[in-house]
Amino acid sequence: MPELPEVETVRRGLAPVLVGARFTQVDLRRPDLRFPFPSRFSQRLAGRRIEALRRRAKYLIADLDEGCALVMHLGMSGSFRVLEGETGVYPARTRFARSRDAAHDHVLFHLSTGAAIVYNDPRRFGFMDLIAQTDLTRHKLFRDLGLEPLEDTFDGAALAERLAHKAAPLKAALLDQRVVAGLGNIYVCEALHRARLSPRRAAGALSRRNGDPTARADALAQAIREVLAEAILAGGSSLRDHRLTDGSLGYFQHRFRVYDREGEPCPTPGCSGIVRRIVQAGRSTFYCATCQK
DNA sequence: CGCATCCCCTGCCTGC
DNA sequence: TGCAGGCAGGGGATGC
């Protein structure tokens, strides 16, 4: 599921419920997701107050009192659901009632406000960890992360610098979290189409052009910002698992221009191309070979 | 180091 | 109808 817009959508849904509340009890229904939960996970969270809920790349970071941070990654199929004032009745009133399988409800966070939050993840590629706030920036999960595309400092020049000298195709370079943090397969395809850049172009060749060395990088940075901002406003893309925290669906999938549209006409005005699917780095790329150069 | 491949896991869709 | 195979929004390990 989740790329930057989906994680940000989840963050915005959880923040008003979490921030200012305390964890009263945390129930684990299995010992691991992608990795084992850290030792004494539930005990270490009990009683802690959530002071802020941030996002970095595709990670959610809940800053807790006493200096610790709860770090959460949704993997491919993770989702959170808010149960307002339903503490104590889980799972009786929620099972099967919200179109997802309670067998994959792995973590239940009870809050001092009487609300609760459930983490559901069928594929279990997600994970959670507890990290001291002072260690976050140098922690291996975060230290190598690249540019945050929605921050003011993200522009063509910064992007070109990160892509310079890379031989990998643009598609693969943009999926690399060390270059731009938070992009995934969908939004890389969509941004490249908007910028009319071929996913097969060498990433390092983006900036080489007579006259204006960053024209293509500027267009790409702009396309990335635009597609992410539009997707967030739409609540993200719900292909299978992504849900807002109230259980509703995002709708940006209806606005995809190329992703999962193999064989359809290219939506670029005046372009007569057909959307193609190729495989790069083992993953599907959708693009128009006619207008994306 | 960069890059490709495979793998983790479950569910869904396709084709036979 | 059943079943095998392929594919899926992420990312880490491994091998060249």
Side-chain angles (χ1 to χ4, degrees), chain A residues 1-10 29-36 55-60 71-80 96 99-106 119-129 139-146 162-192 199-205 224 227-228 231-232 234-244 249-256 258-263 277-286:
Chain A
M1 149 192 118
E3 303 182 31
L4 188 154
E6 290 74 36
V7 177
E8 179 61 22
T9 298
V10 170
R29 297 182 65 185
R30 54 176 302 127
D32 57 3
L33 294 170
R34 178 172 186 171
F35 309 115
R55 180 193 56 74
R56 171 78 170 110
K58 299 171 192 171
Y59 294 93
L60 289 171
V71 174
M72 299 169 280
H73 195 289
L74 304 178
M76 287 278 267
S77 61
S79 65
F80 279 99
F96 307 130
S99 68
R100 67 179 193 182
D101 190 340
H104 301 304
D105 284 349
H106 304 308
Y119 179 70
N120 182 284
D121 188 355
R123 294 177 72 178
R124 303 202 304 275
F125 287 166
F127 61 90
M128 298 185 188
D129 204 353
H139 192 278
K140 65 176 161 61
L141 292 177
F142 298 99
R143 69 182 173 214
D144 296 324
L145 288 174
R162 292 276 177 154
L163 294 174
H165 312 303
K166 281 188 175 290
L170 254 184
K171 166 73 185 310
L174 292 173
L175 280 178
D176 187 339
Q177 301 298 294
R178 296 171 297 184
V179 175
V180 181
L183 295 180
N185 209 29
I186 290 177
Y187 297 103
V188 167
C189 291
E190 292 296 308
L192 286 171
R200 309 172 71 159
R201 170 190 287 269
I224 289 169
V227 73
L228 295 178
I232 289 169
S237 303
S238 291
L239 296 186
R240 292 172 189 78
D241 302 297
H242 173 58
R243 301 254 166 182
L244 280 68
L249 299 171
Y251 56 87
F252 194 73
Q253 66 277 14
H254 302 301
R255 304 232 211 109
F256 292 166
V258 289
Y259 185 83
D260 205 21
R261 293 193 180 279
E262 182 181 18
R277 173 185 178 274
I278 61 174
V279 175
Q280 294 180 290
R283 310 187 67 186
S284 290
T285 297
F286 298 89

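Every chain is numbered from 1 and lettered A, B, ... according to where its sequence line falls, protein lines coming before strand lines. Predicted model, so just to flag it, every value in this text is computed and none were measured.
- Going from atom CD of Q280(A) over to atom P of dG10(C) covers 14 Å, rounded to whole Å.
- Counting any heavy atom pair closer than 4.0 Å across all strands shown, G282(A) reaches no nucleic acid atom.
- For the P atom pair drawn from dC9(B) and dC3(C), the interatomic distance equals 23 Å after rounding to whole Å.
- Looking at R143(A), its side chain never comes within 3.5 Å of a backbone N or O of L145(A) through a donor-acceptor pair.
- Screening F35(A), F127(A), F142(A) for a ring pair (Phe, Tyr, Trp, His ring centres under 6.0 Å) with H73(A), the sole residue that qualifies is F127(A).
- Under 4.0 angstrom from either OP1 or OP2 of dG10(C) there lies no side-chain N or O belonging to Q177(A).
- Across dA8(C), dG10(C), dG9(C), the shortest atom-to-atom separation from the side chain of H73(A) is found for dG10(C).
- At least one donor-acceptor pair closer than 3.5 Å links the side chain of Q253(A) to the backbone N or O of S238(A).
- Comparing A172(A) and R240(A) against DNA chain B, the residue whose closest nucleotide sits nearer the 5' end is A172(A).
- Atom NE2 of H139(A) is separated from atom P of dG12(C) by 11 Å (rounded to the nearest Å).
- Side chain of Q280(A) to backbone of P199(A): a donor-acceptor contact under 3.5 angstrom is found.
- Within the structure, a side-chain polar atom (N or O) of H104(A) is placed less than 4.0 Å from OP1 or OP2 of dG11(B).
- Heavy atoms of Y259(A) sit under 4.0 angstrom from primed sugar atoms or phosphate atoms, though from no base atom.
- Between the CG atom of L145(A) and the C1' atom of dG11(C) there is a distance of 12 Å, rounded to whole Å.
- The side chain of D101(A) approaches dG11(B) more closely than any other nucleotide in the set dG11(C), dG9(C), dG11(B).
- Note on ring orientation: taking the six-membered ring where Trp is involved, the planes of H106(A) and Y119(A) are tilted (angle from 30° to 60°).
- To the nearest angstrom, P of dC8(B) lies 14 Å from CG of D32(A).
- Pairing partner, dG9(C): none, since no Watson-Crick or wobble contact has both distances short of 3.5 Å.
- Taking a centre distance below 5.5 Å and an interplanar angle below 30 degrees as the stacking criterion, F125(A) stacks against the six-membered base ring of dG10(C).
- The 5' end of DNA chain C is approached more closely, in terms of each residue's nearest nucleotide, by S284(A) than by the other of Y59(A) and S284(A).
- In this entry the distance linking CZ of R143(A) with C1' of dG11(C) reads 15 Å, nearest Å.
- Side-chain proximity of A168(A) to the nucleotides dG11(C), dC3(B), dG9(C) is greatest for dC3(B).
- With distances taken from any side-chain atom of R124(A) to the nucleotides dA8(C), dT10(B), dG9(C), the minimum falls on dT10(B).
- Computed from coordinates, the R243(A) CZ to dG11(B) P distance equals 15 Å when rounded to whole Å.
- The R283(A) side chain lies nearest to dG10(C) when the options are dC3(B), dG10(C), dC9(B).
- Between P169(A) and P122(A), the one whose closest nucleotide on DNA chain B sits nearer the 5' end is P169(A).
- When the nucleotides dG2(B), dG9(C), dA8(C) are ranked by their closest atom to the side chain of H242(A), dG9(C) comes out on top.
- Partner assigned to dG15(C) is dC3(B), using Watson-Crick or G-U wobble distances below 3.5 angstrom.
- The interatomic distance linking K140(A) (NZ) with dG11(C) (C1') rounds to 12 Å, in whole Å.
- Across all strands, R34(A) comes closer than 4.0 Å to base atoms (heavy-atom distances).
- Side-chain N or O atoms of E190(A) include one that pairs as donor or acceptor with a backbone N or O of Y259(A) at under 3.5 Å.
- Regarding D121(A), its CG atom lies at a distance of 9 Å from the C1' atom of dC9(B), rounded to whole Å.
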